[in-house]
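Structure record follows, encoded as structure tokens.
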Amino acid sequence: MTFGFSKQRRRQQLKAKPFPAAWRLILIRNVPIFGRLPPPDQIDLLGHIQIFLAEKHFEACGGLELTDEIRLTIAAQACLLLLHRKTDYYPQLASILVYPSSYTAHEKRHLGANIWEEGDEHRLGHTGRRLGSLVLAWDDARRGAANPSDGRNLVLHEFAHQLDFEDYATDGAPALATKAEYQSWARVMSREFAALRSAAETGIPTVLDIYGAENPAEFFAVVTEAFFERPRALRAKHPELYAEFARFFRQDPIQYSAEPGRRTLNKG
Ligand SMILES: [Zn+2]
């Protein structure tokens, strides 16, 4: 009988469960950022992973066989976005569908006014506000974890979209605490989004993937990738953007990132 058994209590129990040693080995092997986190964050991350794995349904598609390696590699990256924040564990997301590699989606896309485009598109990942699911290509999810400082990370990207949905709008703004935070966020994001759009048009190289110039929702997802994977470069080139993301995520990835930094001189 689970009546009256609160969600919070169940989550506390999941968090307290011992983390299997074999699972920890998978994290060390597949998710190098895990080993770089400060020890208290590592413990928090393991707790979040236990809850995430218990609450989300994973489904392997396209002939892929679901393994602990797949579930853990994805869960660890998704839960990195939850550290230090009050979270309800991606409440609008029920299941994660994993394909072996990029998959073909048949879709109808609204291009404007009465214009629709229909066709097959090769995709690495996808999620939507009303879908309740998130789709990932396993080869890219694994590669994204293995290269923690190339600025590209499929899992962080797709789960950033889920955070964007938490305030019930797909607008490039996650749920923020105060009106002042929303105002500051909107001011910085609209200026930086405009700057990326003009960089995309003129071909000026930028820390941010120009895919983020597509719309504000993609911009938020692309900046999230850069924030965790290239934090030094992001802070150097876009300090206000970095500050907004550091305040929202309550993290300073420069402290643990694998991004090569300026070397300190050896004392002789
Ligand atoms: Zn996207």
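Along the sequence shown, residues carry numbers from 1. Each ligand, and each atom within it, is numbered from 1 in the order the structure gives.
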Using a 3.5 Å cut-off and no angle test, enumerate the donor-acceptor pairs between side-chain atoms of residues 234-241 and protein atoms at least two apart in sequence or in another chain.
{"residue": "His238", "atom": "ND1", "partner": "Glu192", "partner atom": "OE1", "Å": "2.7"}
{"residue": "Glu240", "atom": "OE1", "partner": "Arg191", "partner atom": "NH1", "Å": "3.2"}
{"residue": "Glu240", "atom": "OE1", "partner": "Arg191", "partner atom": "NH2", "Å": "2.4"}

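- The Zn ion (ligand 1) has His157 NE2, His161 NE2, Glu218 OE1, Glu218 OE2 as protein N, O or S atoms under 2.8 Å away.
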Output a table of donor-acceptor pairs, distance under 3.5 Å, between side-chain atoms of residues 135-148 and any protein atom two or more places apart or on a different chain; print 'none' if there are none.
{"residue": "Asp140", "atom": "OD1", "partner": "Arg143", "partner atom": "NH2", "Å": "3.0"}
{"residue": "Asn147", "atom": "ND2", "partner": "Arg143", "partner atom": "O", "Å": "3.3"}

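- For the residue pair Gln255 / Asp252, a side-chain donor-acceptor distance below 3.5 Å is found, with atom types taken as modelled.
- A salt bridge does not link Glu214 to Arg197: none of the charged side-chain nitrogens sits closer than 4.0 Å to a carboxylate oxygen.
- Between the OG1 atom in Thr87 and the CD1 atom in Ile51 there is a gap of 9.0 Å [rounded to 0.5 Å].
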For residues 28-41, which side-chain N or O atoms pair as donor and acceptor with protein atoms under 3.5 Å away, sequence neighbours left out?
{"residue": "Asn30", "atom": "ND2", "partner": "Glu69", "partner atom": "OE2", "Å": "2.9"}
{"residue": "Asn30", "atom": "ND2", "partner": "Thr73", "partner atom": "OG1", "Å": "3.1"}
{"residue": "Arg36", "atom": "NE", "partner": "Tyr256", "partner atom": "O", "Å": "2.8"}
{"residue": "Arg36", "atom": "NE", "partner": "Ser257", "partner atom": "O", "Å": "3.4"}
{"residue": "Arg36", "atom": "NH2", "partner": "Ser257", "partner atom": "O", "Å": "2.8"}
{"residue": "Asp41", "atom": "OD1", "partner": "His84", "partner atom": "NE2", "Å": "3.1"}
{"residue": "Asp41", "atom": "OD2", "partner": "His84", "partner atom": "NE2", "Å": "3.2"}

